[in-house]
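First the structure, in the form of structure tokens, and then the observations on it.
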There are 2 protein chains.
Amino acid sequence: MASAARDKAAIFAALGDPTRLALVETLSDGHGRSISELASGVGMSRQAVTKHLKVLETAGLVANDRIGRESRFALDPSKLNDLADYLQSVSRHWDEAISRLKTFLGED
Amino acid sequence: MASAARDKAAIFAALGDPTRLALVETLSDGHGRSISELASGVGMSRQAVTKHLKVLETAGLVANDRIGRESRFALDPSKLNDLADYLQSVSRHWDEAISRLKTFLGED
DNA sequence: TGCATGCGCAACTCCGTGGTTGCGCAATCG
DNA sequence: CGATTGCGCAACCACGGAGTTGCGCATGCA
């Protein structure tokens with residue numbers, strides 16, 4: 001339901017960049033920040049960070065709230081929880097297959 | 001410990017491609033397969049799949065075992081579990097921040 | 001009103017990625 | 001032995017991602 005495989009890949013891709021991952025970690029303290037604040041945090045130009053934030057926003061990982069001339073971004077952890085569940089389902093699927101294999105081998 | 005932020009980003013990037021995600025899901029049944037089998041599964045050339053598998057192997061998500069002239073790939077779910085834990089730690093970090101904020105606001 | 005700050009948009013460069021094809025080698029089958 | 005199958009390596013191409021700079025607009029402050 002939540003999201004098709006393509007959407008999941010998009011979210012993984014959004015997290016698959018060191019700068020964006022750093023942004024997510026920075027925002028994981030629940031404190032929203034302006035683009036300039038985030039830019040100085042990761043030591044990169046404002047526009048570069050703007051692009052990264054747009055990617056994260058498209059993936060649904062962050063939300064934008066414009067206040068006056070500032071654009072404050074905050075983390076939306078719901079997708080992260082979805083992803084964690086998904087990863088666990090994949091690895092659980094694998095574990096079950098291994099269990100069946102062991103049972104099969106054990107039962108001679 | 002387990003892996004630095006850059007490694008995590010690499011793993012996310014490895015999963016951030018629809019083809020590679022499909023390969024991982026295919027292999028999640030615990031059954032190793034040859035490159036040609038996987039290629040026909042995703043409807044792509046053998047070399048393209050070879051490249052994808054190399055990316056997944058570099059990220060530590062799959063392991064290669066050459067038998068005769070076949071190269072069988074199988075999933076290694078340990079990294080997936082690591083990632084799931086990581087995602088949950090990030091979102092939990094966020095949840096805690098929100099809880100503190102609510103407490104702060106609630107206590108007047 | 002004038003100046004500084006924070007952004008958005010657009011153009012441009014650079015290089016990594018995803019895909020293809022072709023060739024050659026090793027292993028397997030008859 | 002010859003034919004086939006499974007791969008690896010390399011070259012090549014097209015596209016998009018990541019980053020920069022420059023410009024212009026809107027907001028906020030003195």
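Throughout, protein chains are lettered first and strands after them, A, B, ... in sequence-line order, and every chain is numbered starting at 1.
Rounded to an integer number of Å, the gap from B:K54 NZ to C:dG16 P is 17 Å. Atom CG of B:L21 is separated from atom C1' of C:dG18 by 16 Å (rounded to the nearest Å). Atom pair A:E70:CD and C:dC7:C1' shows a separation of 10 Å (rounding to whole Å applied). If you take CG of A:L23 and P of D:dG19, they are 10 Å apart, rounded to a whole angstrom. Going from atom CE of A:M44 over to atom P of D:dG17 covers 16 Å, rounded to whole Å. Regarding B:L38, its CG atom lies at a distance of 14 Å from the C1' atom of D:dC7, rounded to whole Å. C:dC7 atom P lies 13 Å from atom CD of A:E57, rounded to whole Å. Between the C1' atom of C:dA26 and the CD1 atom of B:I35 lies a distance of 14 Å, rounded to the nearest Å.
Within the model, atoms CG of B:L75 and OG of B:S28 stand 7.0 Å from one another, a figure rounded to the nearest 0.5 Å. One finds the CG atom of A:D17 at 12.0 Å from the CZ atom of B:F12 (value rounded to the nearest 0.5 Å). Atom CD of B:Q88 and atom CG of B:L83 lie 11.5 Å apart (nearest 0.5 Å).
The base of D:dG6 is not paired with the side chain of B:E37 by any donor and acceptor separated by under 3.5 Å. At a cut-off of 3.5 angstrom, the base of D:dG6 holds no donor-acceptor pair with the side chain of B:R72. Between the side chain of A:K51 and the base of D:dG19, a donor-acceptor pair under 3.5 Å is found. Judged by distance alone with a 3.5 Å cut-off, a donor-acceptor contact links the side chain of B:Q47 to the base of C:dG22.
Residue B:S34 places at least one side-chain N or O closer than 4.0 Å to OP1 or OP2 of D:dC7. Residue B:H52 places at least one side-chain N or O closer than 4.0 Å to OP1 or OP2 of C:dG19. Regarding contacts with the backbone of D:dA18, every side-chain N or O of A:T19 stays at 4.0 angstrom or more from both OP1 and OP2. The phosphate of D:dA18 has OP1 or OP2 within less than 4.0 Å of a side-chain N or O from A:R20. At C:dG6, none of the side-chain N or O atoms of A:S71 fall inside 4.0 Å of OP1 or OP2 (strictly under the cut-off).
Shown are B:L80, B:L27, B:V55; of these, the side-chain contact (heavy atoms from CB on, under 4.5 Å) with B:L61 is made only by B:L80.
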What's the verdict on side chain to side chain contact (heavy atoms under 4.5 Å, CB included) for B:L15 and B:R20, showing C-alpha distance, side-chain angles and the deciding distance?
CA-CA 6 Å; B:L15 293 174; B:R20 287 196 289 270; over 6 Å; no
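Mapping A:R66 and A:S45 onto DNA chain D via the closest heavy atom, the residue that lands nearer the 5' end is A:S45. Residue-to-nucleotide proximity on DNA chain C shows that, of B:G16 and A:N64, the 5′-proximal contact is made by A:N64.
Comparing D:dC7, D:dT4, C:dT20 by their nearest atom to the side chain of B:A48 picks out C:dT20.
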